[in-house]
Number of protein chains: 2
Amino acid sequence: MSVAERRAELRETLIAAAEARIARDGLAGLRARDLAADAGCAVGTIYTLFDDLSALVLAVNARTFQAIGQTVTAAVAAEPDPARQLIVMGHAYARFAAENPAQWQAVFDVALKTGAEAPAWYAEAVSGLFDIIAAPLTQLRTDLGPGEIRLLSRALFAAVHGMVRLSQEDRISAVPTPAIPEAIELLIGSAVRAPKASVDRKPS
Amino acid sequence: MSVAERRAELRETLIAAAEARIARDGLAGLRARDLAADAGCAVGTIYTLFDDLSALVLAVNARTFQAIGQTVTAAVAAEPDPARQLIVMGHAYARFAAENPAQWQAVFDVALKTGAEAPAWYAEAVSGLFDIIAAPLTQLRTDLGPGEIRLLSRALFAAVHGMVRLSQEDRISAVPTPAIPEAIELLIGSAVRAPKASVDRKPS
DNA sequence: CCCTCCCCTTGAACGCTGTTCAGCGCATAG
DNA sequence: CTATGCGCTGAACAGCGTTCAAGGGGAGGG
């Protein structure tokens, strides 16, 4: 086996070890020395494969993102009704977060180097998610223009995301975890209905 | 001045110094040695007044919470219309977060000792906020029972909170910061309309 | 007023981080 | 097979939160 192959394999081993440790102990429980022991290499070797531990966590997060995308995509594909599509997407997202809390939190808790832009695939992956949300929303909210649809898609994602995130942090459990599915139904159900008469707009 | 008074004063000095440093450098930029230098005491003295740095941050957070409560309460008091009350509360919350990003984030980023429950006042402060939300919502959503009102109140708070939080983390800016007011109008505006009575009160 | 005792303050030291780098050993090319 | 260069090594470094033995200063009794 060539050196390059061994390096690539070790890289994968480290990502897997980091994922396992994050899943078990959370992002805060990740230590370089533990990872080196898990992967059977020296601490210094980690830094020949990744710029720093954050870069390694980002590699784990890329996998997590992919898994979220698959879960949500599968959920929406199995549901024909547009309104239900939005709701099952929310459920799928919340379920993933509930089943993989540590990996899910790592995606949002990893410290990015100050001033460094988030990796491009972060924005791209979420952008794809927004498109999936926008499609059924366009059918349902014919009263809204494309810009408003785009905005509401992102607002709905952020809303579900916020409920799930607050429920996992134990400090302010706005919506208790078992009530999240019902809250998703309530919130998305309300947002989905197309009102002809927009209530009051902000007085400009 | 008695020893007890000097201690109480130093305690306040430390909280103020921590608040200033959080506001300037963020929670991650808080160092025990810097705080000691700011307050003119030794590092060890901090630990005679607080269990650890997290406890000091919690004291800062208590002030932040109080300020948020005042901002939101003032906003709702100035607005008679229930639907607009909900929206201006959202705006007030988002504005506070935009104007005091570091303090606001510290409330949600501070690490709680593992297994330790969040301080009681966390839940109580937010509970009061939920009651303020529930009042106008009860008037508007007559189709919902008390349990659903309670749930929707919390869901709406979490939704606005999630939008603001995602917009401040630079990784997934679901709703760009300048668009947050509009997103709040869209989301709350949708949730506020009672489906049965989605009648347009046509002004003759 | 002074003395004594006790508690509070002090800051060096400890243990634990992420990260580095000089030197070593091994794979690779000739 | 040998020489060379590159990747691996792990002790060392800087910096963090937190501790604690030792010293000093305030409060109360003589």
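For the numbers below, each heavy atom of this structure counts, side chains included, while hydrogens, waters and symmetry mates do not. The sequence lines fix the lettering, A, B, ..., with proteins before strands; numbering per chain opens at 1.
In this structure, B:T45 reaches the C:dT10 phosphate: one of its side-chain N or O atoms is under 4.0 Å from OP1 or OP2. Taking side-chain N and O atoms only, B:Y47 has no distance below 4.0 Å to OP1 or OP2 of D:dT19.
Of the two residues contacting DNA chain D, namely B:L53 and A:L10, the nearest-nucleotide position lying further toward the 5' end is that of A:L10.
In this structure, the separation between CZ on B:F108 and NE2 on B:H161 is 4.0 Å, given to the nearest 0.5 Å.
Nucleotide D:dG17 holds its C1' atom 10 Å from the NZ atom of B:K113, rounded to whole Å. The interatomic distance linking A:D51 (CG) with C:dT19 (P) rounds to 10 Å, in whole Å. Between A:R6 atom CZ and C:dT28 atom C1' there is a gap of 14 Å when expressed in whole angstrom units. Put simply, CD1 on A:I46 is 13 Å from C1' on C:dT17, counting in whole angstrom units. Distance A:R31 CZ to C:dC16 C1': 8 Å, rounded to the nearest Å. Between A:R11 atom CZ and D:dG7 atom C1' the separation is 16 Å, expressed in whole Å. Whole-Å rounding puts the B:L35 CG to C:dG11 P distance at 16 Å. Rounded to whole Å, the distance from CG on A:L56 to P on C:dG18 is 11 Å.
No side-chain heavy atom of B:V60 sits less than 4.5 Å from a side-chain heavy atom of B:R63. In this structure the side chain of A:L140 reaches within 4.5 angstrom of the side chain of A:L86, judged on heavy atoms. For the pair A:E169 and B:L112, the minimum side-chain heavy-atom distance is 4.5 Å or more.
Nearest nucleotide to the A:R7 side chain, out of D:dC8, D:dG10, D:dT18: D:dC8. The side chain of B:A32 sits closest to D:dG17 out of D:dG17, C:dT19, C:dG11.
With salt bridges taken as basic N to acidic carboxylate O contacts below 4.0 Å, one links B:K113 and B:D52. One finds a salt bridge joining B:D109 and B:R165 here, because a Lys/Arg side-chain nitrogen approaches an Asp/Glu carboxylate oxygen to under 4.0 Å.
No donor-acceptor pair under 3.5 Å is formed between the side chain of B:R11 and the backbone N or O of B:F50.
Within 4.0 Å (heavy atoms only), B:L30 reaches sugar-phosphate atoms of the nucleic acid but no base atom.
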Pairs under 3.5 Å (N/O, protein and nucleotides 12-14 of chain C):
residue : atom : partner : partner atom : Å
C:dA13  : N6   : B:R33   : NH2          : 3.3

